[in-house]
Amino acid sequence: MLQIAGWKRVLILLVCLAGIALSLPNVFYGRVEAYNDAARLVEAGGQPDAEQTAALEGWPDFLPSGLMNLGLDLRGGAHLLAEVQLADVYESRLDGYWPEVRDALRDVRDQVGTIRRQDAPPGELRVRIGEPAGMETALAAVRALAQPVASLTGVGATDIAVRAEGDVIVVTLSEEEARATDDRTMQQSLEIIRRRVDEAGTREPTIQRQGADRILIQVPGIGSATELKELIGTTARLTFHSVVRRTSDGAERGNADELLHPSMDAADGGLFYVLDRTPVVTGDDLVDSQPAFDQNGLPAVTFRFNPSGARAFGVWTTQNVGQPFAIVLDEEVITAPVVREAITGGSGQITGSFTVEEANRLAILLRAGALPAEMEFLEERTIGPELGQDSIDAGQIAAIIALAAVLAFMVLSYGLFGIFASVALAINIALIFGVLSLIGGTLTLPGIAGIVLTIGMAVDANVLVFERIREELKTAKGPARAIELGYERALSAIVDANITTFIIATILFTLGSGPVRGFAVTLGIGILTSVFTAIFVTRLLVVFWFERRRPKTIEV
Amino acid sequence: MRLRLVPQETNFDFFRFRKVTFGASVVAMIASLLIWALVGLNFGIDFLGGTTIRTESTQAVDVGAYRDALQPLGLGDVVISEVFDPTFAPDQNVAQVRIQAQEGAEAVTPETILAVEEALRNVDPSISFPSVESVGPKVSGELIWTAILAVAASLAAILVYIWLRFEWQFSIGAIAALVHDVVLTIGIFSLLQIRFDLATIAAILTIIGYSINDTVVLFDRLRENLIKYKKTPLQEVMNLSTNETLSRTLMTSGTTLLALIALLVLGGDVIRGFVFAITWGVIVGTYSSVYVAKNVVLMLGIDRDPKKPSDAGTQFADVDA
């Protein structure tokens, strides 16, 4: 008859207890958060101060301390969706090829004649040769430079495609290489953004790749999206070039192997530098950078090269004593000092017209490394912390009122069975929070709505069963049999109804983003836990009661 | 004494006015589509691109003064509206400033936002900006497609699931009810000009989930009764099933509505549109389960050939809980 095996009873109770234990930390959110921060510090080998020691004692070690994350709309913070300009990288890759191409063609100069780099659209390197008859030789020489593609998918392919257009050699990246490059660019961008955000010291940022060329960045607690953009939107590409000449004409067009960049210093008033396109050293060779002050007490940034960078810089400065060189940051010349003596130590200092804050940020950016490509921001959202707190408060009140109303309604309608359903509902809510904490899920404002909706809908499975028991009682088979049949016959409706809702939650999760996804998660978890509590927990309570009292008749 | 929403035994004839009720549903759907076509939806920045800035101040909101302050910035279409909510403190005055997507820029530039904030601060020094959101036209275009895809995928998934678990007639009936719910929701959003954004799409999908839940419970009972009463005419079996599940239908809608109304009144203005959509959907969805889904099944008829007993739906019956 009405029986549940002993081990099942234990299992059901254990799941409920685990749910309650896991959800408990969220009740003391602030305290547990402080505890977790302090614990992380200790684990990393740090020495907690008085406040952190107090935080460590504020929460017992044996209790779970996992918290659900609060979404940006509840905690406040900034959200950015950036698109990485992947094609930018092709250009610098091809620029890097130019010296090699030039040297290779020089070796066969007697057959190809003069070599001149031409202006080219982005993604192409164009070289005109003096003797069109020697094109075959030239092409062979350039093709010999091609390297195998270093990726799993591009096995057997080479990195550059070379073709002739009249007397011009056109070098482009091969399709496989472009794909491999895109992938590398995305990985690098993600890594560098992560480092920059970490350097700024914020808690639990989300940095995710989305699709082929997008990155989603969510940083809780930061003041505004503008602030975040300043930190991660700067490419921070630092290069050292030799200066060809200075000019005041911003429209001057030099050779194809020269660059024209403006001076960053406003005091120079419209000064431009013509630079050698191939940099002597780049920021990739930097190992450290710190804010400092120069001998005049002005803010400056120090840097140190790795051995290969130091060597390249040393060789170049030895050969170019008395010549100016330019330090270029993101296509602007910070400063263009004259080389007084060979710099072989591999370290130096950049002085410009910085404020202390700018020097600080530049040092962070240089330390974290340059972004391989520029980013365009497609979406940005800032939510203030007060607005988030208001939403939490409003959601809490609404949830409590909703819960009270539903409980009263259930008890009035089903009496003792309504009380069982209410206990199950309370356990259900604990389970939702427990699972959210366990998987590190994020609670968003629509997520709170999802929980409130679950409170309303969770009783549905119970209602189905209770209504069914009522019906079965009419046919007078005795209470135990009626309860059993009630559960049995309501099951197919419960399962079908919840599977369809679960399908919707899955679709929402797959296609949604941000808050909508948070809603899908709570809805999905809510469906699972409400089916569990209705089928197992309420039933267990009914069975416990039935075994004790053995009623001859029951009223549902 | 127990609270009973309906008497223990009911014997309503749900199909007595089936022409009227079904006709009313069709008329409501056509009206919704007309309003949608004529008035249009009040799309949020998620779908249109642009920027919204929420302002909060201890002084009363003067929409005219805000507009005059922003006029010289030349930002194109600027909409300013005051926000009211019972959860606000007495000296909490909130307004929403919406700026159209700017030509040639994906997201709004920080300079634009600073200029807007500066201009508003000149009008009201105590003003603060609790949230600033900006979506570029590229993303908003994609979001529309994702939204349409989400709704279509949900309908398709449900069509297939109901088909597998029941009969194709049930599947058509369920989808008809869902389309009815979605169209009426779009209609009321067009009529009341409530902001339609990504959260509204999530709400529509929830409505689909809730409504199908309701429909499936009815269908489940219908399936059971069709096996039990093989000789009874379809309409009578349907009536019986609806009467048997009526108490449950009203209980569940009742508890859900109780929870939603609490959220609607006390949940704050940020999610009001979202909660309103779901509340509306619960009401419409409950109605459509009874009056649209079953009417469609009744019109299509069910093959009740006793030689092919349907075994669908019994595979869960012996699951041991």
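Convention: sequence-line order gives letters A, B, ...; per-chain numbering from 1. The figures here come from the full heavy-atom set of this structure, side chains too, leaving out hydrogens, waters and symmetry mates.
- Contact detail for A:Ile397 and B:Leu266: the closest heavy-atom pair is CG2-CD1, 3.9 Å.
- Between A:Arg214 and B:Glu142, at least one side-chain nitrogen of the basic residue sits less than 4.0 Å from a carboxylate oxygen of the acidic one, meeting the salt-bridge criterion.
- Side-chain contact between B:Arg165 and A:Thr500 is absent, with no heavy-atom pair separated by less than 4.5 Å.
- Nearest approach of A:Ala449 to B:Phe274, heavy atoms of both residues: CB-CE2, 3.4 Å.
- Closest approach of B:Asp220 and A:Ala493 over heavy atoms only: OD2-CB, 3.4 Å.
- The CD1 atom of B:Ile204 sits 11.5 Å away from the CD1 atom of A:Ile504 when rounded to the nearest 0.5 Å.
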Distance-only criterion, 3.5 Å: show the donor-acceptor pairs between side-chain atoms of residues 254-263 of chain B and protein atoms not counting sequence neighbours.
residue, atom, partner, partner atom, Å
B:Thr255, OG1, A:Gly456, O, 3.1
B:Thr255, OG1, B:Met251, O, 3.3
B:Thr255, OG1, B:Thr252, O, 3.0
B:Thr256, OG1, B:Thr252, O, 2.8

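- Nearest heavy atoms, B:Asn213 versus A:Ala497: OD1-CB, 3.2 Å.
- Partners of A:Asp73 by salt bridge (charged side-chain N to carboxylate O under 4.0 Å, His left out), not counting sequence neighbours: none found.
- Here the side chains of B:Val216 and A:Ile499 are not in contact, with every heavy-atom distance at 4.5 Å or above.
- With a 4.5 Å cut-off on side-chain heavy atoms, B:Val135 and A:Arg381 count as touching.
- Put simply, of A:Ser413, A:Ala394, A:Ala398, the one with the most heavy-atom pairs under 4.5 Å next to chain B is A:Ser413.
- The heavy-atom pair separating B:Ser131 from A:Leu387 by the smallest distance is CB-CD2, 3.8 Å.
- Residues A:Asp496 and B:Tyr161 meet the side-chain proximity criterion, which asks for heavy atoms closer than 4.5 Å.
- Contact annotation: the side chain of A:Ser492 never approaches that of B:Glu224 to less than 4.5 Å [non-hydrogen atoms, C-beta and beyond].
- Ion pairing between a basic and an acidic side chain is recognised when a charged N comes within 4.0 Å of a carboxylate O; A:Arg489 and B:Glu244 show no such pairing.
- When the options A:Ile448, A:Thr444, A:Leu445 are evaluated for a side chain to side chain contact (heavy atoms under 4.5 Å, CB included) with B:Ile271, the one that passes is A:Leu445.
- Using a cut-off of 4.0 Å between Lys/Arg side-chain N and Asp/Glu carboxylate O, B:Lys138 and A:Glu83 are scored as salt-bridged.
- The residues B:Arg221 and A:Glu471 are annotated as salt-bridged, a charged nitrogen and a carboxylate oxygen being separated by less than 4.0 angstrom.
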